[in-house]
Amino acid sequence: MSPRAACRLATLGFTEVYDYVPGKADWLAHGLPVEGEQAEIPTAGGLARNDVVTCRLDDPIFELRARVERSPYGFALVTTNGGILLGRLRTSAMKTAAADADAQTVMEPGPTTVRADTTAAELAERLRDRRLTTAILSTPEGRLIGVTRLADLEGSG
Amino acid sequence: MPARIELDELQRLRAAGADVVEVLPEREYAQAHLPGALNIPLKRLNAESTAQLDRARAVVVYCHDHL
């Protein structure tokens with residue numbers, strides 16, 4: 001639709017016309033706010049926390065263990081400097097890792113993520129079905145948004 | 001030829017005062033739209049409905065997605 005609209009505006013004499021091709025779905029997937037009837041519906045993105053430990057591929061495990069033990073979660077997330085999510089480091093894996101191991105040799109690559117515009121109710125049900133207590137959120141480009149907790153999702157209704 | 005843009009450029013244009021227009025039907029616009037976006041459904045996009053837009057200003061159009 002928008003390409004045709006952009007073209008039509010150009011024929012109507014508009015000289016600076018842009019087409020945001022990824023559209024509203026892209027905007028929502030980035031967890032950005034909207035106006036309208038859906039604005040008040042709690043979403044995963046609106047409840048995301050940024051208190052998860054993050055690290056880089058070459059960070060040594062022995063330095064990460066203590067940080068993760070102090071965090072609310074039993075894992076750290078491995079990202080690039082630009083925030084692209086690459087893997088997850090669980091406490092259990094770090095305990096058995098070699099003394100000189102780094103994040104990339106211990107991490108689970110490509111953790112499952114959830115879109116930010118997933119409703120809180122839907123995500124809560126999904127987590128309960130899978131007996132999970134947290135969900136990782138990312139943008140369509142793979143950039144980490146944060147972590148959402150089941151308790152927060154259930155408390156948002 | 002209108003330029004195809006991504007989110008970063010959209011944000012820059014919004015900050016610079018561009019008009020943002022959702023061209024989906026009214027019902028979809030009412031459910032959710034980008035903050036500050038106007039609604040001119042594609043089926044009613046003509047000289048009359050676009051008279052409210054400033055031709056000297058940049059305008060960004062969007063719909064649901066690229067599919």
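Proteins come first, then strands; the chains are lettered A, B, ... in the order of their sequence lines, and each starts at number 1. Please read all numbers here as calculations on a predicted model, not as lab measurements.
The number of heavy-atom neighbours closer than 6.0 Å to CG of A:D51, taken from other residues, nucleotides and ligands shown, is above 12. Taking a 6.0 Å sphere around CD of B:E6, one finds it holds 12 or fewer heavy atoms contributed by other residues, nucleotides or ligands. Around atom CD of B:E48, no more than 12 heavy atoms belonging to other residues, nucleotides or ligands sit under 6.0 Å away.
Hydrophobic clustering (ILVMFWY, side-chain heavy atoms < 4.5 Å, transitive): A:L28 and B:V60 are in one cluster. Hydrophobic cluster membership is shared by A:L9 and B:V21, with clusters built from Ile, Leu, Val, Met, Phe, Trp and Tyr side chains linked at under 4.5 angstrom. In terms of hydrophobic clustering, with Ile, Leu, Val, Met, Phe, Trp and Tyr side chains grouped at heavy-atom distances under 4.5 Å, A:I61 and A:M107 are assigned to a common cluster. If you chain together hydrophobic residues whose side chains sit under 4.5 Å apart, B:L38 and A:V17 fall into the same group. One hydrophobic cluster, built from ILVMFWY side chains closer than 4.5 Å, cannot hold both A:V68 and A:F62; they sit in different ones.
The backbone N or O of A:L12 lies less than 3.5 Å from a partner atom in the side chain of B:R55, making a donor-acceptor pair. A:E37 contributes no side-chain N or O that, together with a main-chain N or O of B:A32, makes up a donor-acceptor pair within less than 3.5 Å.
Chain A forms more heavy-atom pairs under 4.5 Å with one residue of B:D19, B:L53, B:I40 than with any other, namely B:L53. Looking only at heavy-atom pairs under 4.5 Å with chain A, the residue among B:Q11, B:R57, B:E28 that has the most is B:Q11. Of all the listed residues (B:L24, B:N46, B:L10), the one sharing the greatest number of non-hydrogen pairs under 4.5 Å with chain A is B:L10. By number of non-hydrogen pairs under 4.5 angstrom with chain B, the leading residue of A:E35, A:R4, A:R8, A:M1 is A:E35. When each of A:V34, A:L32, A:D26 is checked for heavy-atom pairs under 4.5 Å with chain B, A:V34 comes out on top.
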Cut-off 3.5 Å, no hydrogens considered: what does the side-chain donor-acceptor table look like for residues 78-87 of chain A, sequence neighbours left out?
from  : atom 1 : to    : atom 2 : distance (Å)
A:T79 : OG1    : A:R56 : NH1    : 2.8
A:T80 : OG1    : A:G82 : N      : 3.2
A:T80 : OG1    : A:G83 : N      : 3.3
A:T80 : OG1    : A:I84 : N      : 3.1
A:N81 : OD1    : A:R56 : NE     : 2.8

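Closest non-hydrogen pair, B:T50 versus A:F14, comes out as O-CZ, 3.8 Å. The two residues A:C7 and B:P2 come nearest to each other via the heavy atoms N-CG, 4.1 Å. Scanning all heavy atoms of the two residues, the minimum distance from B:Y62 to A:G23 falls at CB-CA, 4.4 Å.
Under the 4.5 Å side-chain criterion, counting only non-hydrogen atoms from C-beta, B:L13 is in contact with A:Y18. In this structure, A:Y20 and B:V20 have side chains that are not in contact, with every pair of non-hydrogen atoms separated by 4.5 Å or more. Annotation: side chain of A:K24 is not in contact with side chain of B:C63 (no heavy-atom distance under 4.5 Å).
Residue contact with chain A, scored on non-hydrogen atoms closer than 4.5 Å, involves the side chain of B:L42 exclusively. Using a 4.5 Å cut-off between heavy atoms, B:I5 contacts chain A through both its backbone and its side chain.
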**Study point:** Steps toward side-chain contact (heavy atoms from CB on, under 4.5 Å) verdict (B:V59, A:E16)
**Key:** CA-CA 6 Å; B:V59 56; A:E16 198 176 347; over 6 Å; no
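Expressed to the nearest 0.5 Å, how far NE2 of B:H64 lies from OG of A:S2 amounts to 12.0 Å.
For B:Y29, the ring pair (Phe, Tyr, Trp, His ring centres under 6.0 Å) partners at least two apart in sequence or on another chain are B:H33.
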